[in-house]
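Before I ask anything, let me first share the structure, which is written out below as structure tokens.
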Amino acid sequence: MEKRDCLIAVIENCGGQPAASSLKDLLRQARIKARKLVIISACGKLGEVFPIVRQIASDNMDFPVRHYHQMEIPQAAALENCAAYEVIKV
């Protein structure tokens with residue numbers, strides 16, 4: 001299986017903090033499936049999603065992770081030069 005350019009994770013519910021194990025699983029999936037993890041937060045306030053992004057970043061030292069707030073998936077994919085990508089909901 002060839003890796004995609006990006007794995008795009010859309011975080012829709014920022015009010016509840018996901019378990020740390022599910023965030024580590026997201027990072028593990030990204031390393032297996034793609035060359036880069038792109039996180040798109042669809043919540044109202046950036047402050048609600050920032051702890052989630054910080055948790056992912058703290059578990060990661062060498063894998064490229066980008067975060068965009070309230071951006072459309074095709075627009076984020078274009079900014080990151082993702083020709084082939086997969087979208088998952090978190």
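Computed from heavy atoms alone, side chains included, the values below leave out hydrogens, waters and symmetry copies.
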Legend entry - Residues in side chain to side chain donor-acceptor pair (under 3.5 Å) contact with E72, at least two apart in sequence or another chain: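 Partners of E72 under the side chain to side chain donor-acceptor pair (under 3.5 Å) test: none.
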Legend entry - Spatial distance of atom OG (S41) from atom CE (M71) [nearest 0.5 Å]: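 It comes to 10.0 Å.
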Inset, instruction - Could you grab the distance from atom CG of L23 to atom CD1 of I39, nearest 0.5 Å is fine? - result: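 Output value for this atom pair is 8.5 Å.
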Inset, instruction - Would you please name every residue forming a side-chain contact (heavy atoms from CB on, under 4.5 Å) with D62, sequence neighbours left out? - result: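 With neighbours one apart ignored, the set is R31, N60.
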Inset, instruction - Looking only at non-hydrogen atoms, find the nearest pair between E12 and A42 and report the distance. - result: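 For E12 and A42, the tightest heavy-atom pair comes out as CA-CB, 4.4 Å.
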Inset, instruction - Give every residue pair that meets the salt bridge (Lys or Arg N to Asp or Glu O under 4.0 Å) criterion with at least one member in residues 35-44, sequence neighbours excluded. - result: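 Qualifying pairs: D5-R35, K36-E80.
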Legend entry - Residue pair C6 / A34: nearest heavy atoms and the distance that separates them: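 It is C-CB, 3.5 Å.
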Inset, instruction - Considering non-hydrogen atoms only, spot the tightest contact between Y68 and A76 and give its length. - result: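 Answer, listing the atom of Y68 first, then A76: CD1-CB, 4.0 Å.
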Legend entry - Side chain to side chain, V87 and V10, heavy atoms closer than 4.5 Å: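 Yes, close enough: below the 4.5 Å cut-off.
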Inset, instruction - Might you point out which heavy atoms bring P74 and Y85 nearest each other, and give the distance in Å? - result: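 So the two residues come closest at CA-OH, 4.2 Å.
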Inset, instruction - Taking the side chain as every heavy atom from C-beta outward, state whether V49 and H67 have any atom pair closer than 4.5 Å. - result: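 Answer yes - side chains close enough.
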Inset, instruction - With rounding to the nearest 0.5 Å, note down the distance linking CD in Q29 to CG in L37. - result: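 Here the interatomic distance stands at 10.0 Å.
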Legend entry - Co-membership, hydrophobic cluster, residues I11 and I73, 4.5 Å side-chain: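 Shared cluster, no.
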Inset, instruction - Could you tell me the separation between the OG atom of S22 and the CG atom of L27, rounded to the nearest 0.5 Å? - result: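 The CG atom of L27 is 11.5 Å from OG of S22, to the nearest 0.5 Å.
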Legend entry - Between CZ on residue R66 and CD1 on residue I40, distance to nearest 0.5 Å: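 One finds 13.5 Å between CZ of R66 and CD1 of I40.
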Inset, instruction - Treating Ile, Leu, Val, Met, Phe, Trp and Tyr as nodes and any side-chain heavy-atom pair under 4.5 angstrom as an edge, say whether I52 and V65 lie in one connected cluster. - result: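 Shared cluster, yes.
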Legend entry - Nearest-0.5 Å distance, CG of residue L7 to SG of residue C82: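 L7 CG to C82 SG: 10.0 Å, rounded to 0.5 Å.
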Inset, instruction - I would like to know whether R28 and L26 meet side chain to side chain contact (heavy atoms under 4.5 Å, CB included); could you show each step before the answer? - result: CA-CA 5 Å; R28 185 181 57 76; L26 172 65; over 6 Å; no
